Amino acid sequence: CPPLGLETLKITDFQLHASTAKRYGLGAHRGRLNIQAGVNENDFYDGAWCAGRNDPYQWIEVDARRLTKFTGVITQGRNSLWSSNWVTSYRVLVSNDSHAWTAVRNESGDVIFEGNSEKEIPVLSMLPVPLVARYIRINPRSWFEEGSICMRLEILGCPLPDPNNYYHRRNEMTTTDNLDFKHHNYKEMRQLMKTVNKMCPNITRIYNIGKSNQGLKLYAVEISDNPGEHEVGEPEFRYIAGAHGNEVLGRELILLLMQFMCQEYLAGNPRIVHLIEDTRIHLLPSVNPDGYDKAYKAVIELGGWSLGRWTQDGIDINNNFPDLNSLLWESEDQKKSKIKVPNHHIPIPDWYLSENATVAVETRAIIAWMEKIPFVLGGNLQGGELVVAYPYDMVRSMWKTQDYTPTPDDHVFRWLAYSYASTHRLMTDARRRACHTEDFQKEDGTVNGASWHTVAGSINDFSYLHTNCFELSIYVGCDKYPHESELPEEWENNRESLIVFMEQVHRGIKGIVKDVHGKGIPNAVISVEGVNHDIRTGADGDYWRLLNPGEYVVGVKAEGYTTATKTCEVGYDMGATQCDFTISKTNLARIKEIMKKFGKQPISLSIQRLRQRARQWRQR
């Protein structure tokens with residue numbers, strides 16, 4: 001039987017009760033598998049249920065609200081940096097009315113189940129035979145001798161059919177989409193991609209961006225009406241998932257998304273057809289397949305909070321990118337510094353490119369991919385929370401660990417984050433309880449990364465400062481590795497958001513920068529008055545600049561060409577405003593071109609003036 005849903009919050013706080021609690025922050029509502037304590041422990045958000053007394057009469061109880069076939073219990077100790085508390089053995093009791101209780105027994109009496117030997121690794125205990133009841137109670141019998149009674153748990157159980165139970169029927173979530181709702185290992189993921197490609201060969205292409213530490217290829221699927229080529233004037237979008245290998249919901253959502261888009265395209269869904277014809281979409285479901293393999297091999301729910309998070313060589317991919325923030329901010333703070341750092345396309349430092357740098361091969365593959373394709377917008381799907389985080393992810397002050405640190409495009413990023421959160425079924429629901437410690441409702445399910453927790457070298461900050469792409473982190477669920485039975489509901493929670501976020505790539509301005517002969521000018525700088533962040537044109541001279549509705553003065557400059565500005569207006573309707581530029585070469589550039597053609601190099605004006613003065617002096 002699957003988990004009842006303590007970790008996923010399907011079981012509400014009102015369904016959890018306990019004999020006693022040490023204090024509110026350690027109440028029964030905190031006794032959920034993998035729940036994380038707050039930065040400041042001893043507050044409202046601690047890391048377990050802890051009994052108010054240490055004796056064998058304590059208990060924690062779950063009300064399933066309907067008859068359920070209970071099959072097992074998973075336990076953990078208290079999540080804490082400062083203390084060690086866990087239960088080493090316990091009894092299990094069941095009831096239909098919460099008054100008369102029956103203990104799980106065998107031939108020799110009450111069964112004493114083995115608990116934990118440390119606080120983080122989950123331990124599964126199966127009942128000798130399944131028991132049908134409404135309530136289940138865990139009664140600790142022994143605990144770590146230097147600690148106290150503290151537990152986090154999950155209950156395995158199958159709710160029995162009850163057509164008369166209106167509460168349950170009202171809260172059931174179903175989907176009509178005919179998709180493959182299961183967890184896919186590496187081989188199955190590859191096979192699913194092939195199936196989608198076979199169904200929709202005209203709009204899909206499978207390719208890989210590199211290999212993992214263990215040699216597994218990092219496969220991506222491209223969805224476009226002309227797969228394999230960049231079309232001038234068409235923006236490029238990306239979703240990636242699985243940077244933390246144990247956060248698997250994002251991986252499955254991307255696999256579901258590619259199936260859905262193929263099916264809807266074939267069915268003639270005008271919204272999906274329009275999106276595919278006007279956008280080049282890249283879907284990379286598993287950035288860290290080595291880490292996923294570790295999490296997959298552990299029984300679901302038994303991997304804990306971190307098994308498979310890192311790469312094979314122990315690196316957190318999500319925070320393994322060059323720290324370009326510090327380079328930019330140091331340059332801005334030291335006005336007289338000889339080293340000037342641009343506000344965009346900041347070069348990667350030499351030390352990071354060396355072979356001795358602690359950089360994962362997966363990270364290097366992603367960077368090469370980001371530099372090769374002119375992405376405009378991207379989302380990296382993560383797990384363990386339910387919020388959309390936007391850059392900057394790193395605080396500017398070295399003395400703070402949390403501080404709102406906006407980019408020059410803060411209003412755009414806030415809109416992009418809200419576009420996903422507001423269309424998600426739960427992110428902006430004021431009735432929803434927090435996953436762990438943070439309540440993101442005051443910002444409508446969004447958060448500035450640095451105001452949450454500071455991180456140097458994040459993929460979001462790097463993407464913004466090194467490329468044209470605006471990237472956000474989308475945390476799609478409290479449970480990092482939900483049970484297979486939860487996938488249809490999670491798909492319904494995220495489906496509309498996934499599509500709406502992709503559509504935002506068509507918000508703002510776009511255009512082509514050409515010379516007087518109509519040839520596109522690559523690497524031209526596009527600036528917006530009042531926004532201290534520029535972008536650059538692609539190889540064909542085309543560009544896309546994400547902006548909120550409003551009127552903007554847009555400028556363009558390129559080496560050897562005259563500058564130009566124009567006013568471009570962004571409306572509220574979806575679809576980027578066309579804002580093209582035609583610029584001519586400067587006089588000096590034309591002179592250089594002519595003299596180079598005839599085998600002579602132009603003399604700079606300053607040298608000409610010096611030679612002229614020398615001649616005049618000799619004539620005297």
Side-chain angles (χ1 to χ4, degrees), residues 235-239 271 274-275 278-279 281 343-344 375-382 385-393 404-430 440-452 458-461 463-465 467-476 493-511 526-535 543-554 568-579:
E236 309 234 7
F237 176 93
R238 69 169 179 256
Y239 271 133
R271 183 185 185 190
H274 183 265
L275 185 60
D278 291 352
T279 321
I281 300 164
N343 65 10
H344 68 293
F375 291 112
V376 179
L377 177 62
N380 55 86
L381 306 188
Q382 302 190 46
E385 258 300 350
L386 201 55
V387 67
V388 182
Y390 55 91
Y392 288 123
D393 290 328
Y404 195 102
T405 309
T407 66
D409 286 288
D410 191 53
H411 290 292
V412 177
F413 274 114
R414 287 169 64 183
W415 166 257
L416 292 170
Y418 183 70
S419 73
Y420 194 100
S422 63
T423 49
H424 188 281
R425 286 188 60 253
L426 298 175
M427 275 190 193
T428 54
D429 187 348
F440 299 108
Q441 292 305 315
K442 60 182 179 293
E443 292 187 52
D444 293 315
T446 69
V447 67
N448 172 258
S451 70
W452 183 12
S458 78
I459 186 173
N460 295 343
D461 290 3
S463 181
Y464 182 67
L465 294 175
T467 74
N468 288 344
C469 185
F470 287 31
E471 179 111 359
L472 293 84
S473 292
I474 302 168
Y475 294 80
V476 291
N493 289 343
N494 288 276
R495 180 183 58 191
E496 180 64 16
S497 302
L498 290 165
I499 297 169
V500 166
F501 189 72
M502 285 191 288
E503 290 173 334
Q504 303 312 304
V505 77
H506 295 285
R507 181 174 295 279
I509 60 174
K510 65 177 181 179
I526 306 294
S527 58
V528 177
E529 189 176 276
V531 182
N532 187 27
H533 181 79
D534 303 333
I535 62 164
Y543 77 91
W544 306 263
R545 183 44 163 109
L546 296 177
L547 292 167
N548 284 342
E551 194 171 87
Y552 300 92
V553 177
V554 183
C568 303
E569 186 173 345
V570 178
Y572 286 90
D573 294 335
M574 191 57 69
T577 301
Q578 195 74 27
C579 197

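Computed from a predicted structure; not experimentally measured. Position 1 is the first residue of the sequence, and the numbers go up from there.
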- request: Compute whether any side-chain donor of one residue and acceptor of the other, for Thr577 and Arg507, lie under 3.5 angstrom apart.
  value: no

message: Assess, by modelled atom type and distance only, whether the side chains of Asn493 and His424 contain a donor and an acceptor separated by less than 3.5 Å.
response: no

query: If every non-hydrogen atom of Gln578 is compared with every non-hydrogen atom of Gly511, which pair is closest and at what distance?
result: NE2-CA, 3.6 Å

message: Under 4.0 Å between a side-chain nitrogen and a carboxylate oxygen: does that hold for Glu496 and Arg425?
response: no

field: Test of ring centre spacing under 6.0 Å for Trp452 and Tyr390
entry: no

query: Below 6.0 angstrom between ring centroids: does that apply to Tyr239 and Phe237?
result: yes

query: Within the side chain of Gln504, is there an N or O that forms a donor-acceptor pair under 3.5 Å with the backbone of Trp415?
result: no

- request: State whether Glu503 and Arg271 are salt-bridged, where the test is any N-O pair (Lys NZ or Arg NE/NH1/NH2 against Asp/Glu carboxylate O) under 4.0 Å.
  value: yes

- prompt: Does the gap between the ring centers of His533 and Tyr464 come in under 6.0 Å?
  reply: yes

task: Would you kindly say whether Asp444 and Ser422 are connected by a side-chain donor-acceptor distance under 3.5 Å?
output: no

- request: Decide, yes or no, whether a salt bridge links Arg545 with Asp409 under the criterion of side-chain N to carboxylate O below 4.0 Å.
  value: yes

- prompt: Are the side chain of Asn532 and the backbone N or O of Pro408 linked by a donor-acceptor pair below 3.5 Å?
  reply: no

message: For Phe470 together with Phe375, are the ring centres under 6.0 Å from each other?
response: no

query: Is a donor on one side and an acceptor on the other found under 3.5 Å between the side chain of Ser463 and the backbone of Asn460?
result: no

